[in-house]
Amino acid sequence: MLHVLFYSAALIAVVATALVVTRLNAVHALLYLILSLIASAVVFYLMGAYFAALLEVIVYAGAIMVLFLFVVMMLNLGPKTLEQERNWLQPQLWRGPSIMAGILLVEFLFVLSHGDPGGTGHIVSSKEVGIRLLGPYVLAVELASMLLLAGLVGAYHLARPQEKKP
């Protein structure tokens, strides 16, 4: 049964990731990316990597997606996008992500109610993660943070209002 849950979560992750790439609307792409990250967290959890699943949800689906949504909101063009935002709230646009998120929720609740899913996995402590991130991979972590900062500064530069020259 756990194999079925694993493969269905993996399928949702792949489909949601493909939808991220094919969506023209940035907000829809971000919602599918969040769904893909949550599906990846379910896959990590089913493999017994509980801490990696937790980090996936907290860091990626939480903090970084909030940053991306903040940038999208910062790039909002004002009153002329109000009608477009109303079109985004139509129920048929939310059916796909809602169905996939519902499947992941049912899977996750099933796994939690039936005990330890990843009996073969190695439980990674937060100390081990800290040693890896701040040891040999400290340069990669710092480069990723600088890349996110550069993206935020670039988005701010693109979103600021143009000054009219006299």
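Both backbone and side-chain heavy atoms feed into the values below; hydrogens, waters and symmetry mates do not.
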| said: Membership question, hydrophobic clusters at under 4.5 Å side-chain separation (ILVMFWY): are Val57 and Val59 in the same one? | reply: no
| remark: Interatomic distance, CG@Leu37 vs CZ@Phe44, rounded to 0.5 Å, equals 10.0 Å
| What's the spacing between Tyr32 OH and Thr22 OG1 if we round to 0.5 Å? | 8.0 Å
| query | Going only through I, L, V, M, F, W and Y residues with side-chain contacts under 4.5 Å, is there a path from Val20 to Val42? | reply | yes
| task | Take Leu104 and Leu35 through the side-chain contact (heavy atoms from CB on, under 4.5 Å) test and state the conclusion after the steps. | result | CA-CA 9 Å; Leu104 287 176; Leu35 185 63; 3.9 Å; yes
| task | Output the distance between atom CG (Leu139) and atom CG (Leu143), rounded to the nearest 0.5 Å. | result | 4.5 Å
| query | Does the Ser40 side chain pair with the main chain of Ser36, one donor and one acceptor, at a distance under 3.5 Å? | reply | yes
| said: Please say yes or no: joined through hydrophobic side-chain contacts below 4.5 Å, possibly via intermediate residues, are Val106 and Leu46 part of one cluster? | reply: no
| request: Would you kindly confirm whether Leu54 and Leu105 end up in one hydrophobic cluster when ILVMFWY residues are joined by side chain heavy atoms under 4.5 Å apart? | output: no
| To the nearest 0.5 Å, what is the distance between CG (Leu5) and CD1 (Ile103)? | 11.5 Å
| note | What one should report as the nearest heavy-atom pair of Ile12 and Ala39 is CG2-CB, 4.0 Å
| note | CG of Leu33 to CG of Leu19, rounded to nearest 0.5 Å, is 11.5 Å
| Side-chain heavy atoms under 4.5 angstrom apart, residues restricted to Ile, Leu, Val, Met, Phe, Trp, Tyr: same cluster for Met100 and Val14? | no
